[in-house]
Student: 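Just passing along the structure, written as structure tokens.
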Protein chains: 2
Amino acid sequence: MRIGELSERTGTPRRLLRYYEEQGLILPDRCANGYRSYDERLVDRILQIRGLLDAGLPTRIIKQILPCLDKPRLIHFSDATPEMVATLENERDRMTRRIECLTRNREAISQYLDAVLGNHATS
Amino acid sequence: MRIGELSERTGTPRRLLRYYEEQGLILPDRCANGYRSYDERLVDRILQIRGLLDAGLPTRIIKQILPCLDKPRLIHFSDATPEMVATLENERDRMTRRIECLTRNREAISQYLDAVLGNHATS
DNA sequence: TGACTCCTTCACATGGATGTGAAGGATGCG
DNA sequence: CGCATCCTTCACATCCATGTGAAGGAGTCA
């Protein structure tokens, strides 16, 4: 598909789809006339990227972790340099801390809402 | 305590502590000479703010949700305007999506690391 | 062919979190 | 006192994700 369709299906401005490409997050094919041609799977990929960006990860990190999320089973051992492994462990831990922080604060918000809305069903 | 001590104890540049104040996230007292005076509890508050910022929430939203996280039990019903409740519900849902996205991708990273490191203990 | 829409690249603008430095007042130690 | 170290405010710089617009090529339909 071309950039317009991908843009609509992911709710992402074309400009950003080109930006993600510029940042090395995606690598669409090119048609004979130079138009970008996106694979069907890139729909999910874009949503995944946007989710991670929204969760506070910079494109630099997303670029690093995407390859190992690509094929959950198919491991590319060739890419697994010690630095890469260290980066991944580091990011995994950062994500864990983020998740804990978000969970804790979401719980507090939920409790507040429950109280305010008179919904006293304690989880 | 003064800004220098809070900066050291939270690992946050002084500049940012003033920025958070400027954004209305904290409101330190002032000494006679104009120096900012921070309450002991602000140490945790700052760490909480930084965690939320790191998780992708903007200061604008953090400012809104902080008051209801302040005293988990003590609810300020007076502040609970319908708009505020809607904002909180919206943010709670956004946080839920963020948590899901982070959890999913963290799991994938963990699986990759387990495979690469030859640690085949499936969780 | 003309008109319209989509695509391309290039490039500058914006907003939020953060870095950094200048200029000056307050504190504290020798 | 003199000097170092903290503090203050003001202000400009930077990085990144994103917005936006210009100038032109390509596809489609009348």
Side-chain angles (χ1 to χ4, degrees), chain A residues 1-39 42 45-66 87 91 94 97-98 101-102 105, chain B residues 1-39 42 45-66 87 91 94 97-98 101-102 105:
Chain A
M1 88 194 70
R2 283 183 296 173
I3 201 171
E5 184 181 347
L6 185 60
S7 171
E8 277 191 12
R9 290 178 60 185
T10 60
T12 308
R14 288 160 243 256
R15 169 71 181 84
L16 287 188
L17 295 175
R18 300 196 192 97
Y19 174 70
Y20 298 155
E21 176 181 352
E22 187 185 320
Q23 300 302 310
L25 303 185
I26 53 179
L27 189 62
D29 295 330
R30 294 293 179 141
C31 301
N33 59 10
Y35 288 11
R36 291 173 175 79
S37 174
Y38 296 91
D39 187 83
L42 285 184
R45 165 67 63 108
I46 293 298
L47 294 177
Q48 182 182 33
I49 290 171
R50 303 216 91 201
L52 289 171
L53 279 173
D54 182 62
L57 280 78
T59 51
R60 193 188 75 254
I61 298 299
I62 296 175
K63 176 182 178 178
Q64 288 186 290
I65 68 177
L66 273 183
T87 299
E91 283 309 313
R94 285 177 62 87
R97 285 195 296 275
R98 265 185 260 248
C101 178
L102 285 170
N105 285 285
Chain B
M1 84 194 72
R2 283 182 299 172
I3 201 171
E5 184 181 347
L6 184 61
S7 171
E8 277 191 12
R9 290 178 60 182
T10 60
T12 307
R14 286 159 245 254
R15 169 72 180 82
L16 287 187
L17 294 175
R18 299 195 192 96
Y19 174 69
Y20 299 155
E21 175 180 353
E22 187 185 321
Q23 299 304 309
L25 303 185
I26 52 179
L27 189 62
D29 295 330
R30 294 292 178 142
C31 301
N33 58 9
Y35 287 11
R36 290 172 175 80
S37 174
Y38 295 91
D39 187 81
L42 286 184
R45 167 66 63 107
I46 293 298
L47 294 176
Q48 183 182 32
I49 290 172
R50 304 218 88 201
L52 290 171
L53 279 173
D54 182 62
L57 280 79
T59 51
R60 192 188 76 253
I61 298 298
I62 297 176
K63 176 181 177 176
Q64 287 186 290
I65 67 177
L66 273 183
T87 298
E91 283 308 314
R94 287 176 61 87
R97 286 195 296 276
R98 264 185 259 248
C101 177
L102 285 170
N105 286 285

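Chain A is the first sequence line, chain B the second, and so forth, proteins listed ahead of strands; every chain is numbered from 1.
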Student: Just checking A:Arg14: base, sugar-phosphate only, or nothing, at a heavy-atom cut-off of under 4.0 Å?
Tutor: sugar-phosphate
Student: When the distance from CZ of A:Arg30 to C1' of D:dA26 is rounded to whole Å, what number comes out?
Tutor: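 Distance check: A:Arg30 CZ to D:dA26 C1' gives 15 Å.
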Student: Among A:Arg2, A:Glu21, A:Arg9, A:Glu5, whose side chain to side chain contact (heavy atoms under 4.5 Å, CB included) with A:Tyr38 holds?
Tutor: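 Going through the options one by one, the only one that passes is A:Glu21.
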Student: Side-chain N or O of A:Thr59 less than 4.0 angstrom from OP1 or OP2 on D:dC16?
Tutor: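 No, because none of the side-chain N or O atoms of A:Thr59 sits under 4.0 Å from OP1 or OP2 of D:dC16.
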Student: So, does A:Ser7 use its side chain to make a donor-acceptor pair with the main chain of A:Thr12 at under 3.5 Å?
Tutor: yes
Student: Does a donor on one side chain and an acceptor on the other come within less than 3.5 Å for A:Tyr20 and A:Arg50?
Tutor: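 Side chains of A:Tyr20 and A:Arg50: pair found under 3.5 Å.
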Student: What is the distance from CD1 of A:Ile49 to C1' of D:dA17, rounded to the nearest Å?
Tutor: 13 Å
Student: Taking 4.0 Å as the cut-off, does a side-chain nitrogen or oxygen of A:Arg60 come that near to OP1 or OP2 on D:dA17?
Tutor: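 False: A:Arg60 side-chain N/O out of range (4.0 Å or more) of D:dA17 OP1/OP2.
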Student: Walk me through it: do B:Leu17 and B:Leu42 pass the test side chain to side chain contact (heavy atoms under 4.5 Å, CB included)?
Tutor: CA-CA 10 Å; B:Leu17 294 175; B:Leu42 286 184; over 6 Å; no
Student: To the nearest angstrom, how far is B:Arg15 atom CZ from D:dC12 atom P?
Tutor: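 Distance, rounded to whole Å: 13 Å.
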Student: Between A:Tyr20 and D:dA17, is there a contact of a side-chain N or O with OP1 or OP2 at under 4.0 Å?
Tutor: no
Student: Quick check: are there more than 12 heavy atoms from other residues, nucleotides or ligands sitting under 6.0 Å from CD of A:Gln23?
Tutor: yes
Student: In whole Å, I'd like the distance from the CZ atom of A:Arg18 to the C1' atom of C:dC10.
Tutor: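 Taking atom C1' of C:dC10 as the reference, CZ of A:Arg18 is at 11 Å.
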Student: Grab the CG-P distance between A:Leu17 and D:dT18 for me, whole Å please.
Tutor: 11 Å
Student: With a 4.0 Å heavy-atom cut-off, tell me which residues in residues 4-12 of chain A come close to DNA chain D, sorted by residue number.
Tutor: none
Student: Does B:Arg98 use its side chain to pair, donor to acceptor, with the backbone of A:Asp54 at less than 3.5 Å?
Tutor: yes
Student: Nearest to the side chain of A:Tyr35, which nucleotide is it out of C:dC7, D:dA17, D:dG19?
Tutor: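 So the side chain of A:Tyr35 is nearest to C:dC7.
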Student: So for the helix from C:dT1-D:dA30 to C:dG30-D:dC1, with five pairs setting each end axis, what is the inter-axis angle to 10°?
Tutor: 10°
Student: Does a side-chain N or O of A:Arg50 approach OP1 or OP2 of D:dT18 to a distance below 4.0 Å, or not?
Tutor: yes
